[in-house]
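Here is the structure we will look at, set down as structure tokens.
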There are 2 protein chains.
Amino acid sequence: MRPPNPGLRERKKARTRAELQRHALRLFREQGFAETTVDEIAAAADVSRSTFFRYFATKEDVVLFDDVDPLMAEAFAELPPDTPLLTALRTGVTTAFRRLPPEKRELEEVRMALVRSAPELQAAARERSGLTVTAIADQVADTYGRPHDDLDVLLFAGVVAGARLAAQALADRSGEAYIDVLDRVMMRLEDGLPLRELTIGEGSARLAAGIADRAARSDDTSGGASGGAADHRPDAPRREQHRM
Amino acid sequence: MRPPNPGLRERKKARTRAELQRHALRLFREQGFAETTVDEIAAAADVSRSTFFRYFATKEDVVLFDDVDPLMAEAFAELPPDTPLLTALRTGVTTAFRRLPPEKRELEEVRMALVRSAPELQAAARERSGLTVTAIADQVADTYGRPHDDLDVLLFAGVVAGARLAAQALADRSGEAYIDVLDRVMMRLEDGLPLRELTIGEGSARLAAGIADRAARSDDTSGGASGGAADHRPDAPRREQHRM
DNA sequence: CACTATTATGGAACTGAGTCTCATAAAATA
DNA sequence: TATTTTATGAGACTCAGTTCCATAATAGTG
């Protein structure tokens, strides 16, 4: 970007930032994300709390950075023009990832494991992922001259985002590296939608029951406003424990 | 559920809960979610702060309840056994929604508009939605006797979740009711993946540039702790303003 | 080198969400 | 009416995040 003139000041800042990140990552892994306070991180890096927040807007931000996307643009530009969009998105990501220098790649794995371990991080990651539905959709729409509220474009973007979510979940469950899983998932997607042949069939009752079940567990169900009767249980609420 | 014995105590609790919800929703709409404090809500409902947190674990929880899912299970069970899964999921939701009593339906619209307006709420809603990727996947896997880490199952779930995200984004942009948009989006999905014919073609350069651009602005996954040079800008950070 | 303008830093005070504990008041039960 | 159960209010506490200000370090200039 602007490599000339590192300058003492700049070097110092880079060092401070790196130190903060290093200690934060270490502490998070040692004690967990929620269990580590910003003060601890600042103390470990030997700066003040204020300084921490000057470098990172939130505690989550220390973990959320991205070395992959810039490389992706590059990988993208190298593909032949007749590459289908879906294929391009797949190879773009994986190629970019494979081109990461080994240390960064390793760090990336650590980072992703950490994100998976803390729900606050997962949420934050989703939220600021540059490749959420609207971001993908806007890019595609702009590129192909379609309106920003084009159903196909939005759905395409949604499906891609969904595939990423699926890959994350699968990586989590199978223990494989995310990047490999993502590759497989996207390849599968290029073949078309999975499970199209399934009908509710026998499963109907079980599915219905299962859904009702999970629905009951997940939220409240009150009617809320006016006179609604509801289920109340003062003293029950207390936020569900976050699994580590 | 357990309708017998409303009892004075129970009635009081239901009333308190409803009052809290009513005032919270009102205040959120009047001044915005972030701009309303829990103290204000408690004061408006004429209870203590402590009491608020006895009824709702978080500020978000006041808004996040769901009247639709229970009805969905019902709608589901009525479908013929040869209904494709995707179709079932679509009609299940829309039928359930249409069966809501009018006041609840209206409330549901208000609620959804509110959720769309505050990113904290969006995040919380996604997080506790009983129908996230893993929830859908588990249900499908259990029903059809597939392993919980089956790629097709996870991808299917991801695509469904993605379609919902797309519907939300589209509803947001077009101003239409979410439920109608969702119906259209799911129908489109039943026809197969959209935009499969698109290739990067001419767009290659523009797409690549656009991605690099957006990547620079946001991020997701990545590495860069140790020695990584990064961009530093003490005094720049300050959390990005939440658009209302 | 000295002087001045920038800019990073630390400190302190503040807000707001969420937790915890304890004493009290109100409803249920007998 | 007496006793037990349970909802409530009050206060103190933790932690993230913000704002302001005084100070120290660096950059730039004559």
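Quick note on labels: first sequence line is chain A, next is B, and so on, each numbered from 1. For the numbers below, each heavy atom of this structure counts, side chains included, while hydrogens, waters and symmetry mates do not.
Residue pairs meeting the ring-ring contact (aromatic ring centres under 6.0 Å, His included) criterion with at least one member in residues 9-32 of chain B, sequence neighbours excluded: B:Phe28-B:Phe33.
B:Glu108 has a carboxylate O that lies under 4.0 Å from a charged side-chain N of B:Arg111, or vice versa, which qualifies the two as a salt bridge. In summary, A:Glu19 and A:Arg22 engage in a salt bridge, as defined by a charged side-chain N under 4.0 Å from a carboxylate O. Look at A:Arg99 and A:Glu74 and you find a salt bridge, because one of the NZ, NE, NH1 or NH2 atoms lies within 4.0 Å of a carboxylate O, short of that distance.
Using a 4.0 Å cut-off, some side-chain N or O of A:Lys13 falls inside it from OP1 or OP2 of C:dA8. Phosphate proximity of C:dA8 to A:Tyr55: absent, as no side-chain N or O sits under 4.0 Å from OP1 or OP2. Taking only side-chain nitrogens and oxygens, B:Thr51 comes nearer than 4.0 Å to OP1 or OP2 of D:dG9.
The overall bend of the helix from C:dC1-D:dG30 to C:dA30-D:dT1, read as the angle between its terminal helix axes built from five base pairs each, is 10° when rounded to 10 degrees.
Here the options are B:Ile136, B:Val93, B:Leu89, the test is side-chain contact (heavy atoms from CB on, under 4.5 Å), and the partner is B:Arg164; only B:Val93 passes.
Shortest non-hydrogen contact noted between A:Leu20 and A:Ala45 is CD2-CB, 3.6 Å.
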Where do B:Ile179 and B:Met112 land on the side-chain contact (heavy atoms from CB on, under 4.5 Å) test, with the steps shown first?
CA-CA 10 Å; B:Ile179 196 69; B:Met112 291 193 302; 5.7 Å; no
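The distance from atom CD1 of A:Ile41 to atom P of D:dC15 is 12 Å, rounded to the nearest whole Å. To the nearest angstrom, C1' of D:dA16 lies 9 Å from CG of A:Asp39.
Comparing A:Phe52 and A:Arg49 along DNA chain C, the residue whose closest nucleotide (by nearest heavy atom) sits nearer the 5' end is A:Phe52.
Counting heavy atoms from C-beta on, the side chains of B:Gln21 and B:Tyr55 never come closer than 4.5 Å.
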Sub-3.5 Å pairs of nitrogen or oxygen atoms, protein against nucleotides 22-27 of chain C:
from: C:dA27; atom 1: OP1; to: B:Lys12; atom 2: NZ; distance (Å): 2.8

